[in-house]
Amino acid sequence: MEWSKILVFCIFQQVIAAMETQLSNGPTCNNTAHGSATINNCSSPVDSGNTEDSKTNLIVNYLPQNMTQEELKSLFGSIGEIESCKLVRDKITGQSLGYGFVNYVDPKDAEKAINTLNGLRLQTKTIKEFVISSSYARPSSASIRDANLYVSGLPKTMTQKELEQLFSQYGRIITSRILVDQVTGVSRGVGFIRFDKRIEAEEAIKGLNGQKPPGATEPITVKFANNPSQKTNQAILSQLYHSPNRRYPAPLAQQAQRFRLDNLLNIAYGVKSRFPPMTIDGMTSLAGINIPGHAGTGWCIFVYNLAPDADESILWQMFGPFGAVTNVKVIRDFNTNKCKGFGFVTMTNYDEAAMAIASLNGYRLGDRVLQVSFKTNKTHKA
DNA sequence: TCGAATT
């Protein structure tokens with residue numbers, strides 16, 4: 001068992017090496033990958049009828065975008081002889097949909113593949129992580145389609161097991177997952193549940209959407225999940241059609257430059273600015289712990305009345321000249337990808353944030369008048 | 001009109 005994992009890992013690295021070589025020879029994709037093995041912790045296979053295929057045919061999920069059918073075959077062919085192998089691609093774009101089927105000749109090899117390859121971690125250099133999941137493929141049928149749920153607002157402490165316990169009352173769970181922060185490993189409060197049947201998924205939405213899990217303080221959202229690769233395609237398309245270059249708003253540049261000039265004059269000649277510098281320490285001692293917009297990592301600014309097509313770059317351009325900006329975020333509707341009219345900017349220094357707010361609140365961007373202020377904590381009052 | 005998140 002452990003032997004075969006090591007063996008598989010070595011073969012896998014060769015596959016990845018081959019992928020990288022291939023990528024360096026062609027301009028089609030800039031996504032390269034390297035792998036590391038992890039312990040299989042996924043749920044047991046589901047029995048799927050009496051057909052011959054049921055014990056040899058595997059579905060493989062969460063493949064890297066750039067993995068080809070040949071590479072899939074190489075990876076799984078390291079276990080044993082493959083009868084057939086299919087990487088599922090988008091009919092129109094030809095993009096990998098991130099899953100495929102591997103049918104072994106020998107059921108023993110299928111079982112071995114599940115034990116050794118399921119849970120294998122693939123990490124691309126673009127931070128995105130893939131964990132291969134392989135299990136017996138169920139017979140194709142309409143009733144098992146669209147049975148995958150996206151769950152958000154989960155308590156950060158909730159485990160995968162607890163998530164399954166919560167949903168298991170509505171049917172048989174095929175796969176489940178909780179997404180975690182790549183760096184800290186803590187739950188992002190988002191996960192997936194795939195049911196055996198669409199009906200079960202529908203019932204789970206009815207029963208759990210907007211409900212608080214036992215012991216939780218906030219309700220969860222349960223809805224049908226989107227296709228994994230759908231977002232990538234959207235992002236690629238929107239990048240193609242979107243010009244990354246935005247003109248800098250001239251009046252802002254002048255304001256920001258004047259602000260910098262004020263500071264320089266102040267530092268160099270002791271000239272008094274209209275906006276005397278203020279430190280965070282000075283503020284905290286005066287205002288106590290409840291400081292608007294102060295999140296510990298900086299000062300969070302709420303920007304309202306952004307246009308539907310506003311993007312992050314406009315926030316960087318508007319706020320950057322006023323000082324250190326550590327983060328910007330445009331809040332979008334997931335499906336339309338259009339800005340919901342507001343966003344957030346985090347700035348390191350109070351005085352720069354205050355200056356940005358003073359300058360940008362009421363600023364006319366296009367045909368809209370922006371409202372800019374420190375972010376308030378509108379959610380649950382203490 | 002004061003945070004989304006999609007393996």
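Order of the sequence lines fixes the chain letters, A, B, ..., with proteins taken first and strands second; residue numbering starts at 1 for each chain. For the numbers below, each heavy atom of this structure counts, side chains included, while hydrogens, waters and symmetry mates do not.
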So if I take every side-chain heavy atom of [X] and compare against [options], which nucleotide ends up nearest?
X	options	result
R177(A)	dC2(B), dT7(B), dA5(B)	dT7(B)
I331(A)	dC2(B), dG3(B), dA5(B)	dG3(B)
S152(A)	dT6(B), dA5(B), dC2(B)	dA5(B)
Q371(A)	dG3(B), dT1(B), dT6(B)	dT1(B)
C300(A)	dT1(B), dT6(B), dG3(B)	dG3(B)
K156(A)	dT1(B), dT7(B), dA5(B)	dA5(B)

In terms of heavy-atom contacts, does CZ of R364(A) have more than 12 from other residues, nucleotides or ligands at under 6.0 Å? no
I need the [atom1]-[atom2] distance between [X] and [N], as an integer number of Å.
X	N	atom1	atom2	result
I205(A)	dT6(B)	CD1	C1'	14 Å
I59(A)	dT7(B)	CD1	C1'	13 Å
N361(A)	dT1(B)	CG	C1'	13 Å
Y304(A)	dG3(B)	OH	C1'	16 Å
R188(A)	dG3(B)	CZ	P	17 Å
F195(A)	dT7(B)	CZ	P	19 Å
N337(A)	dT6(B)	CG	P	11 Å
K329(A)	dC2(B)	NZ	C1'	15 Å

Under 30°, 30 to 60°, or over 60°: which ring-plane class applies to W299(A) and Y350(A), parallel, tilted or perpendicular? perpendicular
Whether Y99(A) and F101(A) hold their rings parallel, tilted or perpendicular, with breakpoints at 30° and 60°: perpendicular
At under 4.0 Å, does any side-chain N or O of R332(A) touch on OP1 or OP2 of dG3(B)? no
Below 4.0 angstrom, N of the basic side chain to O of the carboxylate: do E202(A) and R198(A) qualify? yes
Salt bridge (Lys or Arg N to Asp or Glu O under 4.0 Å) with E312(A): which residues, sequence neighbours excluded? R332(A)
Is there aromatic stacking of F192(A) on dT7(B) here, judged by a ring-centre distance under 5.5 Å and a plane angle under 30°? yes
Under 5.5 Å between ring centres and under 30° between planes: true for F344(A) and the base of dG3(B)? yes
